[in-house]
**Q** 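Handing you a structure now.
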Amino acid sequence: MGKSKLSRRITGHVILIITIFNVLIIGAVILFNLRFSYKESEVRALNLMDAISGKLMNMKKAVEIAAINNVTEIEKNLDSPEKVFDALEYELRQNKHYLGCAVAFEPDYFATQGRWFEAYVRFTDSTHVERKQIGSAQHDYLNMAWYQKGLTMEREQGILSDPYYDEAGGKRLLCTYTLPIFDRQDRKVGVFGIDLNISWFENSIIQEEKKIKELEFLGRDPSALDAKGNTIFVQILDSRGKKIAGSETIDDETMQTILKSDSIRYEKMTMNGLTYFISAKRMKATGWTLIVAQHKYFVLLHGYILGAAILLIMT
């Protein structure tokens with residue numbers, strides 16, 4: 001009997017030690033995988049921001065090159081309003097992805113046109129171009145940010161405006177790339193502007209988000225992780241903190257936290273009652289802020305799945 005009790009005690013101790021050892025191993029593996037998921041999502045956010053900001057910078061660079069070439073031609077045709085319109089229409093037809101383009105002049109540049117003269121051209125359909133003089137006391141471009149900022153630039157230097165609704169010209173929400181124009185005496189006499197469709201930014205976000213979601217473990221229904229249907233989302237904010245692109249609404253408190261810093265590498269935040277890991281950076285070329293938000297369950301997804309698989313195998 002004594003040997004039997006001793007044997008059972010030894011067996012019990014061995015089982016306990018093995019159990020404790022297994023629990024420690026499982027815990028270490030799960031913690032490692034959760035940590036791996038955390039780092040993986042951080043890299044995912046950085047890659048996503050790099051992809052979108054890279055697309056934005058490439059677009060801006062392409063517009064810069066085209067604008068510099070456009071200005072050279074326009075500066076050769078400053079003799080009359082008609083020649084300005086001709087030059088603008090020619091450049092628009094060569095760059096059909098523009099919504100429109102314009103030259104806005106300093107006060108009384110053309111004596112026959114009065115204080116305001118802003119020559120504007122745009123496509124009314126795929127082939128027809130509309131010409132308008134849109135400068136006036138009601139559309140006083142001289143006091144508008146895009147014009148004033150454009151005049152501060154040097155030759156062959158431009159700036160991309162924050163999005164705004166253009167009542168006078170494009171009749172839609174757009175942003176404008178502007179740079180100064182010079183006369184034959186090398187004096188700044190106005191600003192050349194190219195209107196761009198901001199839907200391009202939204203399409204870029206959708207394309208990059210789709211690539212990420214296609215990699216999710218949950219297949220074609222990633223929204224199962226998040227009650228609001230967002231496992232990961234991206235936003236672009238302008239220099240004033242207003243949304244340019246992205247579907248989700250960021251609450252004011254979280255917005256202010258993000259805008260206080262030029263860069264947030266990876267921080268846990270509560271937004272609209274849900275927990276997200278936020279990455280953000282301000283793009284120097286535009287002053288806009290790019291944000292990537294990943295729901296906490298999405299961040300830890302791989303760790304949860306692998307941990308569960310290990311538990312099943314060991315039980």
Side-chain angles (χ1 to χ4, degrees), residues 48-68 70 88 91-92 94-104 118 120-126 129-130 132 134 139 141 144-150 153 157-179 191-212 230 232-250 255 258-259 280-293:
L48 187 53
M49 288 195 296
D50 286 345
I52 293 174
S53 61
K55 284 186 175 183
L56 177 59
M57 293 306 101
N58 288 339
M59 181 276 291
K60 184 174 181 289
K61 188 65 178 177
V63 172
E64 283 177 351
I65 294 171
I68 290 170
N70 295 165
L88 283 174
E91 299 304 333
L92 183 65
Q94 299 305 306
N95 299 276
K96 293 190 176 182
H97 56 286
Y98 296 169
L99 289 178
C101 54
V103 178
E118 181 181 355
Y120 186 83
V121 299
R122 71 182 183 100
F123 283 109
T124 56
D125 56 38
S126 59
V129 172
E130 177 185 47
K132 293 193 295 184
I134 60 176
H139 178 66
Y141 60 82
M144 293 180 180
W146 62 266
Y147 182 82
Q148 293 176 347
K149 289 181 180 179
M153 299 291 103
Q157 290 182 342
I159 187 169
L160 188 64
S161 76
D162 286 331
Y164 65 99
Y165 190 86
D166 183 17
E167 290 279 3
K171 302 291 185 182
R172 64 191 301 172
L173 191 65
L174 49 81
C175 57
T176 302
Y177 185 82
T178 56
L179 69 169
V191 165
F192 172 60
I194 298 170
D195 289 343
L196 303 170
N197 193 336
I198 66 169
S199 66
W200 183 91
F201 307 120
E202 190 75 50
N203 292 336
S204 294
I205 286 178
I206 291 171
Q207 290 170 9
E208 295 303 324
E209 283 183 338
K210 184 178 179 182
K211 291 177 185 178
I212 293 296
N230 293 306
I232 180 170
F233 69 85
V234 182
Q235 277 201 1
I236 301 177
L237 308 177
D238 68 18
S239 62
R240 301 161 296 182
K242 293 184 178 181
K243 183 170 66 177
I244 296 174
S247 58
E248 180 66 6
T249 299
I250 299 177
M255 180 83 73
I258 292 171
L259 293 176
K281 69 175 180 179
R282 187 162 296 129
M283 296 176 284
K284 293 181 180 179
T286 59
W288 299 351
T289 299
L290 178 59
I291 302 167
V292 175

**Q** Is it true that a side-chain atom of Asp162 and a backbone atom of Ser239 form a donor plus acceptor pair closer than 3.5 Å?
**A** yes
**Q** Could you give the distance from CG (Asp195) to OG1 (Thr176), rounded to the nearest 0.5 Å?
**A** 4.0 Å
**Q** To the closest 0.5 Å, what do you measure between CZ (Arg282) and CD1 (Ile291)?
**A** 9.5 Å
**Q** List the residues meeting side-chain contact (heavy atoms from CB on, under 4.5 Å) with Asn95, not counting sequence neighbours, and say none if there are none.
**A** Ala66, Asn70, Glu91, His97, Tyr98
**Q** I'd like to check the salt bridge (Lys or Arg N to Asp or Glu O under 4.0 Å) partners of Lys242; sequence neighbours left out, ordered by chain and number.
**A** none
**Q** Would Asp50 and Leu48 count as a side chain to side chain contact (heavy atoms under 4.5 Å, CB included) here? Give the steps.
**A** CA-CA 5 Å; Asp50 286 345; Leu48 187 53; over 6 Å; no
**Q** For Pro163 and Ile244, work out which heavy atoms get closest and say how close.
**A** CG-CG1, 3.6 Å
**Q** With the side chain counted from C-beta on, respond yes when Val129 and Leu92 share a heavy-atom pair under 4.5 Å apart, and no when they do not.
**A** yes
**Q** If you look at every heavy atom in Thr289 and Ala280, which pair is closest and at what distance?
**A** CG2-CB, 4.4 Å
**Q** Once you round to the nearest 0.5 Å, how far does SG of Cys101 lie from OH of Tyr177?
**A** 14.5 Å
**Q** Given the rule in the side chain to side chain contact (heavy atoms under 4.5 Å, CB included) test, do Lys132 and Val121 qualify, once you have shown the distances and angles that lead to the verdict?
**A** CA-CA 6 Å; Lys132 293 193 295 184; Val121 299; over 6 Å; no
**Q** Would you compute the distance between atom CD1 of Ile236 and atom CD1 of Ile52 and round it to the nearest 0.5 angstrom?
**A** 6.0 Å
**Q** Which residues pass the salt bridge (Lys or Arg N to Asp or Glu O under 4.0 Å) test with Lys149, not counting sequence neighbours?
**A** none
**Q** Nearest 0.5 Å, please: how far is CD in Glu130 from CZ in Phe123?
**A** 12.5 Å
**Q** What pair of heavy atoms forms the shortest contact from Val191 to Tyr147, and how long is it?
**A** CG2-O, 3.6 Å
**Q** Using side-chain heavy atoms (C-beta onward) and a distance below 4.5 Å, is Met59 in contact with Leu196?
**A** yes
**Q** I would like to know whether Phe192 and Leu88 meet side chain to side chain contact (heavy atoms under 4.5 Å, CB included); could you show each step before the answer?
**A** CA-CA 10 Å; Phe192 172 60; Leu88 283 174; 3.7 Å; yes
**Q** I'd like to know if the side chain of Lys281 pairs up with that of Ser53 as donor and acceptor (distance under 3.5 Å, no hydrogens or angles considered).
**A** yes
**Q** Rounded to the nearest 0.5 Å, how far apart are CE of Met153 and CG of Leu179?
**A** 9.5 Å
**Q** So, using side-chain contact (heavy atoms from CB on, under 4.5 Å) as the criterion, who are the partners of Met255 when residues are at least two apart?
**A** Leu237, Ile250, Leu259
**Q** Could you tell me which residues satisfy side-chain contact (heavy atoms from CB on, under 4.5 Å) with Met144, sequence neighbours excluded, listed by chain and number?
**A** His139, Tyr141, Trp146
**Q** Do you know which two heavy atoms are closest between Trp288 and Cys175, and how far apart they sit?
**A** CH2-SG, 4.4 Å
**Q** Do Arg122 and Leu99 have side-chain heavy atoms sitting under 4.5 Å apart?
**A** no
**Q** What pairs with Gln94 under side-chain contact (heavy atoms from CB on, under 4.5 Å), at least two apart in sequence or on another chain?
**A** Tyr90
**Q** Ignoring hydrogens, what is the shortest heavy-atom contact between Glu118 and Ala104? Give both atom names and the distance.
**A** CG-CB, 3.8 Å
**Q** Please evaluate residues Asn197 and Leu174 with respect to the criterion side chain to side chain contact (heavy atoms under 4.5 Å, CB included), reporting the C-alpha separation (whole Å), side-chain torsions for both, the decisive distance (0.1 Å), and the verdict.
**A** CA-CA 5 Å; Asn197 193 336; Leu174 49 81; over 6 Å; no
